[in-house]
Amino acid sequence: MISLRVLNQRTQPYWIGSLFLLALTLLLLFSPEVGPQPAAAIPAYARRYNLRCYACHTIEPQLNEQGYMFKRLGYHLPPALQKGTLSPHISDLVKQEPMWTLGNNAAFAVADFDFAAQRNTQDGTTPTSTASFQVGSWTAYMSGWVPDTNFYYYSQINMIAGGNTNPSVKGGYFGYVGGTASSSWLVQGGQMRVMGANGTTAANTESLLPNAPLMWEYTDPDNFTLDQHMVGLRAGYTWALPRYKQILAASLSVSNGDHADGSTITGPDAKNAKDLYLDLDWWYAPESGVSFLSYYGKKNEIQNAGAPNQFTFYPVIRRNGIFANYMAFHDRLDVLGGFMDDHDGYEINQPGPANNFISKDYYGELDYFIVRGTAAIVRYDRLNQHIVGGIGGVSQEQPSFGLERAFTPSGNIVGRLSYSNLHGRDPIAGVGSSSRTIMSDVEFNF
Amino acid sequence: MQRKEFLWNMAGRMAGLLLLVGSFGTAHAQFGGFFNGNKRDTPINVSSYPANVQQEYKAFQHTCSECHTLDRGLRVTQTPAMAKYWVLQMQAMPAADFNGKQATGIIDFINYHQSHLPQGQQPEASSSVTTKTPTPTAAAAALAGKQYFDSAPCVLCHTTGISNSPKIISLAGVGEKLSREQMVKVLHGGKASLGMPAIPASTTSKDLDNLIAYLQSLKGK
């Protein structure tokens, strides 16, 4: 582990961690003189155009409409689209880019230092408490445009992830974008994240909370998680009205996806598991939009691994969801919500009947931006699940509350504090469990 | 701990440390100079302005500082025509969240502010630029602009030509041919038909002013 890690998974009384966390967070959130000072180094894209992070993010890392278009136009800043004037070609945008330098195409470190205190309970076991302060993540990015061409590229190297030092490439692709700023198309290939910032705000895994939302990250009985990195091809089309009053975008990905247990397929595999992912986005007002997504994947799942009754089956996994947000009161209040229908193949024993895992997932969220760069967040996730022929319906719920504040004028250093209470029963055995987590982190983007 | 695991662990720590130190050093050297997004906005004293202009200032402050520092919107030599051009351009960006009425208010504020700047800092009418004898300040700005021009890729095509090939576009007399507004438009928008890129978006307002002062000083054939 990296030497900066001070304490990891050390068990101690729950309240000590909570008190320490509270003091630290209050100090950071409400005392600007004590918090991190403006940094000389900042992220690549902001450096390239000499813009603040808020140009493309509500609060980093959540993308706003401009950030979304920046990504759709192959990492070029969307130009002004005036009514009655010709929309510039992407090749014109390429010519207007500043000189290519490593400095404006690489973010050397996006580091996250976090503190988490957790209280876990499970039916029939003794409750446990843990507290840890660690370098939660450290990621280096290299992305931008290939000089004098319409090609773009992206690569992400995780030095530390989940508190563990394990350097690995987590995403890397090349793409080509053509057309004009108001009617563009793209194709890209490589390892891409399914859900990461590809939809409108409500359909985005990058929420304002420090911990990932339950709806995207939960693992189903097949050990499948929707938020994953797939190796494949993506094609997309984007259409924008003058002044970007409305944006319509569609993307279709075909990938040689992950195993059902989440491990990435990058080499030969006994079962060639294909994924199809469709994403339709409609931005209908500044920072407000609707997204529809549909996922289809066929996996090979090894059940009861290592046990005498181990067997392999090939579940079909489906996700269909609709998500929307409305930003009201001049970017003050963001109202978000979404619904997703899960329908996965599942087998308990073999030989035995092929069953299905079914889940109806909902979430609602309110983000109140007190001032620019400071937000209060309330979110509620609920999953209503059952396995056909199984124990019957169960549910999992996770209410979350959070505060987020940027410490610099540009918004490249942010602190977050959250409380969440994940509780419910698992759909296989019906065992009840809960996990109450208080989390605080400071994220540096430079 | 296994020996192999220990070695990998140590290698990871060393690589991480090197990257951290290297990134701080490189970042400070390369980026600290031109990024001013973390610069706090210089406060403008609007207490003596009429109440409605003070309200317009609030809209300007809230809207424009979202993406960049306010000095980028308050270039001291901004003429009313340029102010209008740029505010309408900004309104047509995806991040813009202000309507036509607010845009008018922002333009009004910029114009009011510009017209109430101390003598010598007010914008000059473009028509008078070419006939005016350069003041010592303008000469200094033109000199600084020449230095910026020489250090930028502009010289590759405009002075010696790429690899000493003939010049593509001569800038002789450009100070008489183009108004300040036209120069700003070309510098910011480039000329796609000629393959001329726009100046980097990171160019500071001072560099831009100096560059224009230099171009305005280029007269005659």
Side-chain angles (χ1 to χ4, degrees), chain A residues 1-3 38-42 46-56 64-66 68-69 77-83 88-89 91-92 95-99 101-104 108-109 111 138 140 159-160 165-167 240 242-244 247 283 286-287 330-331 372 408-410 412 446, chain B residues 8-9 11-13 15-17 19-20 22-41 62-63 65-69 72 86 88-98 102 152-153 188-204:
Chain A
M1 298 301 119
I2 197 162
S3 56
I42 26 70
R47 284 194 302 268
R48 192 197 294 174
Y49 302 105
N50 205 2
L51 291 176
R52 292 181 164 166
C53 302
Y54 302 118
C56 290
N64 64 17
E65 187 178 350
Q66 181 150 286
Y68 176 87
M69 280 304 294
L77 194 67
L81 281 187
Q82 297 278 18
K83 195 174 183 180
H89 283 268
S91 49
D92 295 334
K95 287 172 188 159
Q96 290 177 22
E97 286 291 350
M99 186 180 290
T101 65
L102 182 65
N104 57 31
F108 294 100
W138 181 1
M159 304 298 293
I160 299 172
T165 309
N166 183 23
R243 290 189 189 175
Y244 299 92
I247 298 169
W283 295 85
E287 314 312 335
H330 289 285
D331 297 347
R372 182 179 302 137
T408 55
S410 75
N412 67 318
F446 55 91
Chain B
W8 273 114
N9 204 336
R13 287 183 188 211
L17 194 63
L19 192 59
L20 184 66
S23 60
F24 269 120
T26 312
H28 183 75
Q30 283 202 23
F31 322 130
F34 65 79
F35 180 77
N36 61 18
N38 268 333
K39 190 178 82 175
R40 297 191 188 277
D41 292 318
H62 177 78
T63 306
S65 71
E66 183 158 328
C67 295
H68 51 74
T69 53
R72 236 165 131 173
W86 281 114
L88 295 182
Q89 282 285 104
M90 294 300 104
Q91 197 189 9
M93 300 282 284
D97 186 17
F98 55 101
Q102 289 165 316
H188 275 292
K191 273 200 174 265
S193 57
L194 298 171
M196 175 183 160
I199 57 167
S202 56
T203 305
T204 64

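Worth knowing before you read on, the calculation uses all heavy atoms, side chains too, and leaves out hydrogens, waters and symmetry mates. In what follows, chains are A, B, ... by sequence order, proteins preceding strands, each numbered from 1.
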Using the side chain to side chain contact (heavy atoms under 4.5 Å, CB included) criterion, which residues pair with A:E97? Sequence neighbours excluded.
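Scan of A:E97 (side chain to side chain contact (heavy atoms under 4.5 Å, CB included), adjacent residues dropped) gives A:R48, A:Y49, A:H76, A:W145.
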Which residues satisfy the side chain to side chain contact (heavy atoms under 4.5 Å, CB included) test with A:R243, sequence neighbours excluded?
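Residues passing side chain to side chain contact (heavy atoms under 4.5 Å, CB included) with A:R243: A:K245, B:Q91, B:A92.
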For B:A96, which atoms come within 4.5 Å of any heavy atom of chain A: side chain, backbone, both, or neither?
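For B:A96, backbone heavy atoms alone lie under 4.5 Å from chain A.
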Atom group of [X] that falls short of 4.5 Å from chain B, counting heavy atoms:
{"X": "A:P78", "result": "both"}
{"X": "A:N166", "result": "neither"}
{"X": "A:P88", "result": "neither"}

Taking all non-hydrogen atoms of both residues into account, name the closest pair between [X] and [Y] and its distance.
{"X": "A:R52", "Y": "B:S65", "value": "NH1-O, 3.3 Å"}
{"X": "B:M93", "Y": "A:P79", "value": "SD-C, 3.8 Å"}
{"X": "A:P409", "Y": "B:G37", "value": "CB-O, 3.8 Å"}

Taking A:N50 for its side chain and B:H68 for its backbone only, find out whether a donor-acceptor pair lies under 3.5 Å.
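No, the answer is negative, given that no donor and acceptor are paired below the 3.5 Å cut-off.
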Are B:D97 and A:E65 close enough that some pair of their side-chain heavy atoms sits under 4.5 Å apart?
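A side-chain contact under 4.5 Å is absent here.
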Would you say B:Q102 and A:H330 make side-chain contact, with heavy atoms under 4.5 Å?
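Of all side-chain heavy-atom pairs linking A:H330 with B:Q102, at least one is under 4.5 Å.
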Test: B:D41 and A:R372 ion pair at under 4.0 Å:
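Looking at A:R372 together with B:D41, the answer is no, because their closest N to O distance does not fall below 4.0 Å.
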